[in-house]
Trainee: 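Just passing along the structure, written as structure tokens.
Remember, predicted model here, so these are calculated numbers, not experimental data.
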Amino acid sequence: MTIKNTLFTVNRNIARAIRDAGGAQGAVADRAGFSRAVFSNILRCRRKVYADEVCQIAGALGVSIEYLFAAGPEDRGA
């Protein structure tokens, strides 16, 4: 897995976690300490997400960091 693919995996898994929880993107952004515009850009791969930010987002979503980096459903415990 390349670095670029890993970044897209993280973005996809963030979006999946929001969808699976039935939550709202804006609420997660607020809990993680991001502006809604910045968080939207992260989800759309228009802005890089940094390691410390992944920790913030995982905490706001109530998931592990490993969940956000998992390549497939089998890695996410599905």
Side-chain angles (χ1 to χ4, degrees):
M1 179 180 288
T2 66
I3 290 174
K4 186 174 183 180
N5 287 341
T6 300
L7 293 175
F8 292 141
T9 297
V10 170
N11 299 64
R12 279 192 308 269
N13 288 340
I14 292 168
R16 180 177 288 116
I18 293 169
R19 187 175 54 249
D20 290 350
Q25 176 180 321
V28 176
D30 294 342
R31 283 194 306 269
F34 292 96
S35 73
R36 292 175 183 216
V38 168
F39 195 67
S40 176
N41 285 333
I42 289 170
L43 289 177
R44 295 174 186 209
C45 301
R46 293 182 180 165
R47 180 190 176 281
K48 292 179 183 177
V49 59
Y50 298 98
D52 59 329
E53 295 172 337
V54 173
C55 294
Q56 290 172 248
I57 295 167
L61 289 167
V63 300
S64 69
I65 295 167
E66 293 82 8
Y67 176 93
L68 297 181
F69 280 98
E74 64 282 353
D75 297 328
R76 288 188 299 274

Trainee: Quick one: CG on Leu43 to CZ on Arg36, what's the gap to the nearest 0.5 Å?
Mentor: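 It comes to 12.5 Å.
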Trainee: Where is the tightest heavy-atom contact between Cys55 and Ile65, given as atom of each residue plus distance?
Mentor: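 Minimum heavy-atom separation between Cys55 and Ile65: SG-CD1, 3.5 Å.
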Trainee: So do Arg47 and Glu53 actually touch side chain to side chain, heavy atoms under 4.5 Å?
Mentor: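 Heavy-atom side-chain distance check passes, below 4.5 Å.
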Trainee: What's the spacing between Arg19 CZ and Ile14 CD1 if we round to 0.5 Å?
Mentor: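 Arg19 atom CZ to Ile14 atom CD1 measures 12.5 Å (nearest 0.5 Å).
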Trainee: Can you tell me how far CD1 of Ile42 sits from OH of Tyr50, rounded to the nearest 0.5 angstrom?
Mentor: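 Going from the OH atom of Tyr50 to the CD1 atom of Ile42 covers 9.5 Å.
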Trainee: Starting at CD of Gln56, measure out to CG of Leu61 and round the result to the nearest 0.5 Å.
Mentor: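 Separation between the atoms: 11.5 Å.
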Trainee: Sub-3.5 Å donor-acceptor pair from the side chain of Arg31 to the main-chain atoms of Ala60, do we have one?
Mentor: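 The answer is yes, because a donor-acceptor pair under 3.5 Å joins these two groups.
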Trainee: With heavy-atom distances below 4.5 Å as the criterion, would you say the side chains of Ile57 and Phe34 are in contact?
Mentor: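 Heavy-atom side-chain distance check passes, below 4.5 Å.
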Trainee: Applying the side chain to side chain contact (heavy atoms under 4.5 Å, CB included) criterion to Asn13, which one of Val63, Leu68, Asp20, Val54 satisfies it?
Mentor: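 Per the side chain to side chain contact (heavy atoms under 4.5 Å, CB included) rule, the option paired with Asn13 is Leu68, out of Val63, Leu68, Asp20, Val54.
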Trainee: Tell me the closest heavy-atom pair linking Ala29 and Ser35, and the distance in Å.
Mentor: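 Looking at all heavy atoms of both residues, the closest pair is CB-O, 4.2 Å.
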Trainee: Going from OG1 on Thr9 to CZ on Arg16, what distance comes out if it is rounded to the nearest 0.5 angstrom?
Mentor: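 So the gap between those two atoms works out to 9.0 Å.
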Trainee: Taking all non-hydrogen atoms of both residues, which atom of Phe39 and which atom of Ile18 are closest, and how far apart?
Mentor: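 In this case the closest contact between Phe39 and Ile18 is CE2-CD1, 3.8 Å.
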